[in-house]
Amino acid sequence: DTKYIALTFDDGPLSPYTEQYLDIMAKYDVKATFFNLGENTQANPDLARRVVQEGHQLSNHTMAHNQLTSVDAQTIYNEITRSAKVIEDATGVHTTHIRPPYGDFTERSWLGSGGSITATIRWNGDSEDWRLPGPEAIVNNSLVNLHSGTIVLMHDGGGDRSQDVDALPALIEKAQSEGYQFVTISDL
């Protein structure tokens with residue numbers, strides 16, 4: 001039986017990390033899902049287009065990374081729909097999937113989204129890369145509870161992601177050696 005894993009990257013696109021991830025994944029023939037911020041997509045539309053052109057899934061991470069559980073309904077709606085429009089304008093991709101910032105999303109958040117989304121995507125494999133724990137720890141954290149259906153959280157924006165760049169080949173090789181195939185969230 002084939003086992004599946006989904007790599008996801010939040011907060012991009014951001015140079016040079018998004019390009020470096022794309023180069024690595026092309027080498028291993030791996031597909032991933034990028035949860036882009038609208039403001040970073042606006043600033044780097046060519047990078048967002050490259051993500052799509054290389055067969056990866058592009059999804060929404062809100063316009064400016066506001067915590068959706070701590071803002072009013074209009075702000076929730078604007079954060080989601082403005083980012084979706086920016087992503088569509090830049091890439092032609094219409095996305096109704098969102099990864100809520102910090103993974104925080106409640107019934108009130110759903111109501112505030114005003115029917116603009118069909119799914120919120122969280123994760124069950126946390127690289128904890130934001131702690132900058134080193135490449136080896138990023139690999140181990142990501143794969144500690146590895147099973148078919150694991151969704152790994154990493155970042156291509158929000159700061160220095162060079163540890164992730166160093167970790168990615170080892171993470172891919174380790175999962176592939178255990179029989180895992182990398183797929184997008186929609187394929188998962």
Side-chain angles (χ1 to χ4, degrees), residues 4-15 17-19 21-22 25 30-130 142 149-159 161 164 182-188:
Y4 299 101
I5 181 173
L7 268 181
T8 65
F9 300 100
D10 287 10
D11 297 345
L14 183 68
S15 199
Y17 309 112
T18 305
E19 294 99 325
Y21 293 155
L22 290 169
M25 289 188 291
V30 159
K31 299 302 179 216
T33 302
F34 289 78
F35 289 94
N36 278 11
L37 288 173
E39 60 187 19
N40 285 351
T41 303
Q42 238 169 4
N44 303 288
D46 291 346
L47 260 184
R49 282 191 284 277
R50 182 176 165 199
V51 166
V52 174
Q53 286 160 354
E54 296 191 12
H56 303 281
Q57 184 175 346
L58 195 54
S59 290
N60 191 345
H61 195 45
T62 73
M63 193 66 194
H65 211 276
N66 275 312
Q67 189 159 359
L68 299 179
T69 53
S70 64
V71 294
D72 64 25
Q74 188 61 53
T75 304
I76 294 167
Y77 184 78
N78 289 344
E79 277 287 305
I80 294 169
T81 57
R82 284 181 57 222
S83 182
K85 180 171 180 5
V86 166
I87 289 169
E88 189 163 5
D89 288 349
T91 67
V93 171
H94 176 70
T95 180
T96 59
H97 290 175
I98 182 175
R99 170 163 287 155
Y102 315 103
D104 287 345
F105 207 76
T106 61
E107 186 177 338
R108 195 176 76 67
S109 311
W110 267 114
L111 294 171
S113 72
S116 61
I117 55 175
T118 57
T120 59
I121 311 297
R122 291 204 174 106
W123 57 89
N124 52 17
D126 189 348
S127 70
E128 297 187 25
D129 57 356
W130 58 275
S142 298
T150 294
I151 298 171
V152 175
L153 169 65
M154 296 178 80
H155 295 81
D156 61 330
R161 299 298 170 208
D164 294 88
F182 287 85
V183 294
T184 64
I185 290 294
S186 287
D187 288 341
L188 185 64

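- In this structure, the side chains of Asn44 and Thr18 stay at 4.5 Å or more apart for every pair of heavy atoms.
- Just one of Asp129, Leu7, Asn124 meets the side-chain contact (heavy atoms from CB on, under 4.5 Å) condition when paired with Val152; it is Leu7.
- No side-chain heavy atom of Leu14 sits under 4.5 Å from any side-chain heavy atom of Asp156.
- The minimum heavy-atom distance linking Leu68 with Pro100 is given by the pair CD1-CB, 4.4 Å.
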Exercise for the section: Determine, stepwise, if the pair Phe105 / Arg122 fulfils side chain to side chain contact (heavy atoms under 4.5 Å, CB included). Expected result: CA-CA 10 Å; Phe105 207 76; Arg122 291 204 174 106; 3.6 Å; yes
Exercise for the section: Determine, step by step, whether Tyr21 and Arg161 satisfy the side chain to side chain contact (heavy atoms under 4.5 Å, CB included) criterion, reporting the C-alpha distance in whole Å, the side-chain angles of both residues, the deciding distance to 0.1 Å, and the verdict. Expected result: CA-CA 10 Å; Tyr21 293 155; Arg161 299 298 170 208; 3.6 Å; yes
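- Taking 4.5 Å as the limit, every side-chain heavy atom of Val183 sits out of range of all side-chain heavy atoms of Ile5.
- Between Asp46 and Arg50, no side-chain nitrogen of the basic residue sits less than 4.0 Å from a carboxylate oxygen of the acidic one, so the salt-bridge criterion is not met.
- The nearest pair of heavy atoms linking Ala84 to Asn60 is N-ND2, 3.5 Å.
- Here the OG atom belonging to Ser59 is positioned 11.0 Å from the CD1 atom belonging to Ile117, to the nearest 0.5 angstrom.
- Nearest heavy atom pair, residue Ala32 against residue Phe9, reads CB-CE1, 3.7 Å.
- The main-chain N or O of Pro101 is never found under 3.5 Å from a side-chain atom of Gln67 such that the two would form a donor-acceptor pair.
- Looking at Leu153 and Arg99, their side chains come closer than 4.5 Å, going by heavy atoms from C-beta outward.
- Within the model, atoms CZ of Arg108 and OG1 of Thr69 stand 7.5 Å from one another, a figure rounded to the nearest 0.5 Å.
- For the atom pair CG of Asp10 and CH2 of Trp123, the computed distance is 7.0 Å after rounding to the nearest 0.5 Å.
- Shown here for Ser83 and Gly38, the closest heavy-atom pair between the two residues is OG-N, 3.2 Å.
- Considering only residues two or more places apart in sequence or on other chains, Ile185 meets the side-chain contact (heavy atoms from CB on, under 4.5 Å) condition with Ala6, Thr8, Thr33, Phe35, Gln57, His97, Ile121, Ile151.
- A salt bridge is absent between Asp187 and Lys31; no separation between the charged side-chain nitrogens and carboxylate oxygens falls under 4.0 Å.
- Across all their heavy atoms, Glu19 and Ser15 have their closest contact at OE2-OG, 2.7 Å.
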Problem - Verdict with supporting geometry, Thr75 and Asp72, side-chain hydrogen bond (donor to acceptor under 3.5 Å, both in side chains) - result: CA-CA 5 Å; Thr75 304; Asp72 64 25; 2.7 Å; yes
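- Taking the side chain as every heavy atom from C-beta outward, Met63 and Asn78 never approach each other to under 4.5 Å.
- Contact annotation: the side chain of Thr91 approaches that of Arg49 to within less than 4.5 Å [non-hydrogen atoms, C-beta and beyond].
- Taking CG from Asn66 and CG from Asp104, the interatomic distance works out to 12.0 Å, rounded to the nearest 0.5 Å.
- When every heavy atom of Thr81 is checked against every heavy atom of Ser116, the shortest pair comes out as CG2-CB, 3.7 Å.
- A distance of 10.0 Å separates OG1 of Thr62 from CZ of Arg82, quoted to the nearest 0.5 Å.
- The aromatic rings of His56 and Phe34 sit perpendicular, their planes meeting at an angle over 60°, well past the 30° parallel limit.
- We find the CZ-OG1 distance between Phe182 and Thr150 to be 10.0 Å, quoted to the nearest 0.5 Å.
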